[in-house]
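One structure below.
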Amino acid sequence: MAVFELKAEIPAAQADVWSDFLAESEIASLMVLEDRIAGRAWLTGYFDSEAAAEQAWQLIQPDGELVKPATKDVRELPDADWKDSYKQHFKAQHFGPLHWVPVWERDSYRAPAGNTVLWLDPGMAFGTGNHETTRLCGERLVEYLGARGNAGSVIDAGCGSGILALSAALLGFADVRGFDLDPVAVEISRENAAKNGLENRVTFEVGDLDSGLAGRQADLVLANIQADVLMRFASVLVRAIKPGGQLVLSGILATELEAVKTAFSKASSGARMNARVQGEWSDLVVALG
């Protein structure tokens, strides 16, 4: 299969700011690649056609201190080259018994006995768990497992690559659903499920927050979505929590946390809340009962 690399150089000093912009704008098909020794950085993405690369490029509409690069390079890569390029910035990580590991390390990676591994191939797009917002959700999922076990149900709202829903299934949750507004994201989620033998363990559907949560509740609802969307749909998300359940919100800049807390306090009278900050990002847990 042909793989096309898009690469555009950005100021190295703005690498973190660009990473936050891509996450907040939900441009999951692009990432920031840094060479800290050389002091250089690039916007990078991998696509199955030049047209797809161009479409992703058009999504970049920064404001403020960021300026879109004037030029970009799109080239076709041999299969070995694009896989090697991912190895530079996608590394294995774990949260307690849950490990997120690149699929190319399948033959060499050894998790401790009793631990579970989700094999991930970033492929053409979508999250690998490297960003703080995804890691925060992964940590909360494992904390929930430790405190309450895996008997409950899980909904991954805005599933992206499916990494959180698939992690829940691997940890033993039997009733797991994920949905995303983007049909491509849903297809990628299903492909990742197949890579891990989880085709029949998780249901992935196309839907927005209204349709994806309509008539549904779960013991644990995960929503890694930008803050303005979370606040706009606060009541919808709170209604999706079963009595005694939890809602884990991420995709929230630390500077937005108080506004998000206020919105969910109004939507969930009497709920308990706690938050954690990681870098420039934060999460928020809303617990009922």
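- Between D180 and V186, the shortest heavy-atom distance links the atoms O-CG2, 3.8 Å.
- Between V238 and A267, the closest heavy-atom pair is CG1-O, 3.6 Å.
- Put simply, the side chain of L209 reaches to within 4.5 Å of the side chain of L237, judged on heavy atoms.
- Here the shortest heavy-atom pairing between A15 and I10 reads CA-CD1, 4.3 Å.
- For the pair I252/L284, a side-chain contact is recorded, criterion being any heavy-atom separation below 4.5 Å from C-beta on.
- The shortest side-chain heavy-atom distance between W119 and K195 does not fall under the 4.5 Å cut-off.
- Counting heavy atoms from C-beta on, the side chains of R148 and Q246 come closer than 4.5 Å.
- Summarising the local packing, CD of Q55 is surrounded by 12 or fewer heavy atoms from other residues, nucleotides or ligands at distances under 6.0 Å.
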Kindly list each side-chain donor-acceptor pair under 3.5 angstrom involving residues 172-179, sequence neighbours excluded, with atom names and distances?
none

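- Geometric assessment of K7 against the ring of W42 yields a positive cation-pi assignment under the 6.0 Å and 45° thresholds.
- Residue-environment remark: NZ (K68) exceeds the threshold of 12 foreign heavy atoms within 6.0 Å.
- Here the rule is side-chain contact (heavy atoms from CB on, under 4.5 Å) with C137, and of V142, L164, D156 only L164 fits it.
- Side-chain contact between S153 and K242 is present, with at least one heavy-atom pair separated by less than 4.5 Å.
- At least one side-chain heavy atom of D228 sits under 4.5 Å from a side-chain heavy atom of R232.
- Considering only heavy atoms from C-beta on, L220 comes within 4.5 Å of L141 through its side chain.
- The shortest side-chain heavy-atom distance between L213 and I155 falls under the 4.5 Å cut-off.
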